[in-house]
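Just so it is clear, the structure is predicted and the values come from calculations on it, not from any experiment.
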Amino acid sequence: MNVFRLSGDVAHLIAIIILLLKIWTSRSCAGISGKSQILFAVTFVARYLDLFTNYVSIYNSVMKIVYLLASFGTVYLMYMKFKATYDHNHDTFRLEFLILPAIALSLIINHDFAVIEVFWTFSIYLESVAILPQLFMVSKTGEAESITSHYLFALGSYRALYIVNWIYRYYMEGFYDMIATLAGIVQTVLYCDFFYLYITKVLKGKKLQLPA
Amino acid sequence: SIKHNMHDEL
């Protein structure tokens, strides 16, 4: 554990909490892609299958459980409790376009052709593109509430901080993971356009609005 | 076997 990795985890946690609080306090999930949230829930389930077989630390286990519960809580709020506020007309990204390639790629490129390992690899590939339905939704409506922007910024920062963590681990521990690193770079690059808009608009108090 | 995995990460 190093400071970059910890910051990444905290940014991830903050993102998840921002989203839950936004939905809970406004009693609405308008502007949020339920499809992205389903993909994140699937990602966590596939990755944390080792929760009971591979003990790392208390921190690790607790965070895994928190991420799982929070992602299921978010999906529950969107599809059950506040279903009426879910903007499904704008959430039209086809999930199979992301899930099927992630399955195929995880079967072909993995560290070891074993069940848990392939599920882990699938989760890495799926997570890297899981935000696309949300970004697609923002581009379709042409705008995002500031709270949604803060959520996306925290979520994007998480993988960017992990990249710094991987560089640190490579030099300090001689440890690297090509699959996680390449997928993490793809994931972070997907946020670049958003980061630019966030810094130039949202931080200056303006609403995130895409140029017409 | 796996040498370069990061399964200790989240």
CZ of A:Phe93: more than 12 outside heavy atoms within 6.0 angstrom?
-> yes
Is the number of heavy atoms from other residues, nucleotides or ligands within 6.0 Å of CZ (A:Phe195) greater than 12?
-> yes
Please state whether the rings of A:Trp120 and B:His7 are parallel, tilted or perpendicular, taking 30° and 60° as the class boundaries.
-> parallel
For chain B, find its close neighbours in residues 43-67 of chain A: heavy-atom separation under 4.5 Å, sorted by number, or none.
-> A:Arg47, A:Tyr48, A:Asp50, A:Asn54, A:Val56, A:Tyr59, A:Asn60, A:Met63, A:Lys64, A:Tyr67
Going by residue number, which parts of residues 12-42 of chain A are within reach of chain B, meaning a heavy-atom gap below 4.5 Å?
-> none
side-chain hydrogen bond (donor to acceptor under 3.5 Å, both in side chains) partners for A:Asp193, two or more places apart = none
For A:Asn165 and B:Glu9, run side chain to side chain contact (heavy atoms under 4.5 Å, CB included): C-alpha distance rounded to whole Å, both residues' side-chain angles, the deciding distance at 0.1 Å, then the answer.
-> CA-CA 10 Å; A:Asn165 153 59; B:Glu9 294 186 344; 2.9 Å; yes
Rounding to 0.5 Å, atoms CZ (A:Arg169) and CG (B:Asp8) come to a distance of 4.0 Å
Interface residues of residues 148-162 of chain A facing chain B - non-hydrogen atoms under 4.5 Å apart | A:Tyr158, A:Arg159, A:Tyr162
